[in-house]
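Input: a single structure, listed below in structure tokens.
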Amino acid sequence: MNSDAKRGPPAQDASPRRLSHHGGIPAQERELGVQGRQTVRRLLDAGMAEFDEKGLQAVRVDDIVRRARASHGTFYLYFKNKEDLFRALLRDVLHDMEVITDEFPVVTQNDAGRAALRAWVGKFCDTYAAHAAVLRVLTQAEVISDDVWSDGLQLMFRVAEAMTTGMTAASPSAEHAEHAELTAVACLMMLERVNFLFSVEVRLPREEMIDRITAIIFAAFRN
């Protein structure tokens, strides 16, 4: 009997595919098989845990490969350095944040508008929670490369722009439009900081905080 037949069909990779699963710069020019993607995920998980514990600057590739139970040679097959691994993790954050940015609703001045806004705030909190470890590293890192900082800054302004459009589209008067972008930035910074506190296990009532944040944003664009 053929030896491949004895082994059965190849193992299936049932895990959801993320942008980070393609690996870093060294892996971009080749298609990764199941084993390669599993190795990448193991390195990503190890890197994320190390970054969260020690901060981006303090972590060494040695720390990542030790936690992942991999070799240095294996690491460099998929990532150029630790910053390349962090950027792979950040790609997932940017993608998911872009999705909810595009979903920001037109907020009308009634209960339906407030409910739509609250649903979006809840989605933002869920997305932040899913990527909390990476976002903590990003906000606390002492030194972030210009390109990573630029990606994060551009995303922040995209979210603020979506908030401005959604909050003013139903009442596009000059009075509401004035300072709307700055109002959106201020509201977004509040939303991000509250979620940061959630992520470090500060005991805040989540649903009540979502209610209060929704009320503040709703009122901020009506005054």
Side-chain angles (χ1 to χ4, degrees), residues 16-20 22 86-141 144-200 202 204-223:
R17 296 289 292 276
R18 306 285 301 181
L19 294 175
S20 60
H22 296 289
F86 183 73
R87 280 189 62 83
L89 292 168
L90 189 59
R91 283 200 297 272
D92 292 341
V93 181
L94 295 175
H95 173 268
D96 288 356
M97 284 293 182
E98 285 170 0
V99 169
I100 64 166
T101 298
D102 292 339
E103 292 177 351
F104 196 94
V106 172
V107 179
T108 52
Q109 299 182 56
N110 53 25
D111 289 344
R114 185 190 289 263
L117 176 60
R118 191 196 189 284
W120 184 86
V121 171
K123 286 182 182 179
F124 183 98
C125 294
D126 290 342
T127 302
Y128 195 106
H131 299 289
V134 177
L135 288 165
R136 278 196 301 270
V137 173
L138 184 62
T139 57
Q140 293 180 311
I144 291 290
S145 64
D146 289 343
D147 54 348
V148 171
W149 175 251
S150 176
D151 288 345
L153 200 60
Q154 286 180 38
L155 176 62
M156 183 192 78
F157 283 117
R158 274 204 62 204
V159 179
E161 182 180 7
M163 291 178 71
T164 302
T165 301
M167 295 301 299
T168 61
S171 55
S173 67
E175 180 183 355
H176 286 154
E178 187 178 8
H179 307 309
E181 291 185 1
L182 291 179
T183 300
V185 171
C187 289
L188 179 58
M189 292 300 95
M190 171 191 64
L191 181 56
E192 188 280 329
R193 282 294 88 184
V194 168
N195 276 276
F196 176 80
L197 293 177
F198 284 151
S199 79
V200 294
V202 173
L204 293 172
R206 183 181 185 276
E207 296 305 313
E208 186 177 342
M209 288 303 299
I210 290 175
D211 286 340
R212 295 309 308 150
I213 291 168
T214 300
I216 291 168
I217 296 174
F218 193 80
F221 284 88
R222 300 295 174 256
N223 297 327

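As the structure is a computational prediction, the values presented were derived from the model and not from experiment.
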Just so I know, are the side chains of [X] and [Y] near enough to count as touching, which here means a heavy-atom distance under 4.5 Å?
| X | Y | value |
| --- | --- | --- |
| Thr127 | His131 | yes |
| Tyr128 | Val194 | no |
| Met190 | Ile217 | yes |
| Phe196 | Val202 | no |

[X] side, atom [atom1]; [Y] side, atom [atom2] - distance, nearest 0.5 Å:
| X | Y | atom1 | atom2 | result |
| --- | --- | --- | --- | --- |
| Met167 | Gln109 | CE | CD | 9.0 Å |
| Leu94 | Leu89 | CG | CG | 11.0 Å |
| Leu188 | Arg193 | CG | CZ | 11.0 Å |
| Arg118 | Glu207 | CZ | CD | 5.0 Å |
| Arg114 | Asp211 | CZ | CG | 9.5 Å |

(message) Counting only heavy atoms from other residues, nucleotides and ligands, does the tally under 6.0 Å from CD of Glu161 exceed 12?
(response) no
(message) Tell me whether the count of non-hydrogen atoms from other residues, nucleotides or ligands lying under 6.0 Å of CG in Asp111 goes above 12.
(response)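 Check fails, neighbour count at 12 or below.
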Minimal non-hydrogen separation, [X] against [Y], with atom names:
| X | Y | value |
| --- | --- | --- |
| Phe218 | Thr108 | CE1-O, 3.5 Å |
| Cys125 | Arg206 | CB-NH2, 3.5 Å |
| Ile210 | Thr214 | O-OG1, 2.7 Å |
| Pro105 | Ala116 | CG-O, 3.8 Å |
| Leu117 | Phe104 | CD1-CZ, 3.8 Å |
| Phe221 | Ala180 | CE2-O, 3.5 Å |

(message) Checking the side chain of Arg158 only, and the main-chain atoms of Thr101 only, is there a donor and an acceptor separated by less than 3.5 Å?
(response) no
(request) State whether a side-chain donor-acceptor pair under 3.5 Å links Asp92 with Ser20. (result) yes
(request) Check step by step if side chain to side chain contact (heavy atoms under 4.5 Å, CB included) holds for Met97 and Leu135. (result) CA-CA 11 Å; Met97 284 293 182; Leu135 288 165; 4.3 Å; yes
(request) Starting from the C-alpha separation in whole Å, work towards a yes-or-no answer on salt bridge (charged side-chain N to carboxylate O under 4.0 Å, His left out) for Lys123 and Asp96. (result) CA-CA 10 Å; Lys123 286 182 182 179; Asp96 288 356; over 6 Å; no
(request) Kindly indicate, with the supporting measurements, whether the criterion side chain to side chain contact (heavy atoms under 4.5 Å, CB included) is fulfilled by Arg18 and Arg91. (result) CA-CA 9 Å; Arg18 306 285 301 181; Arg91 283 200 297 272; over 6 Å; no
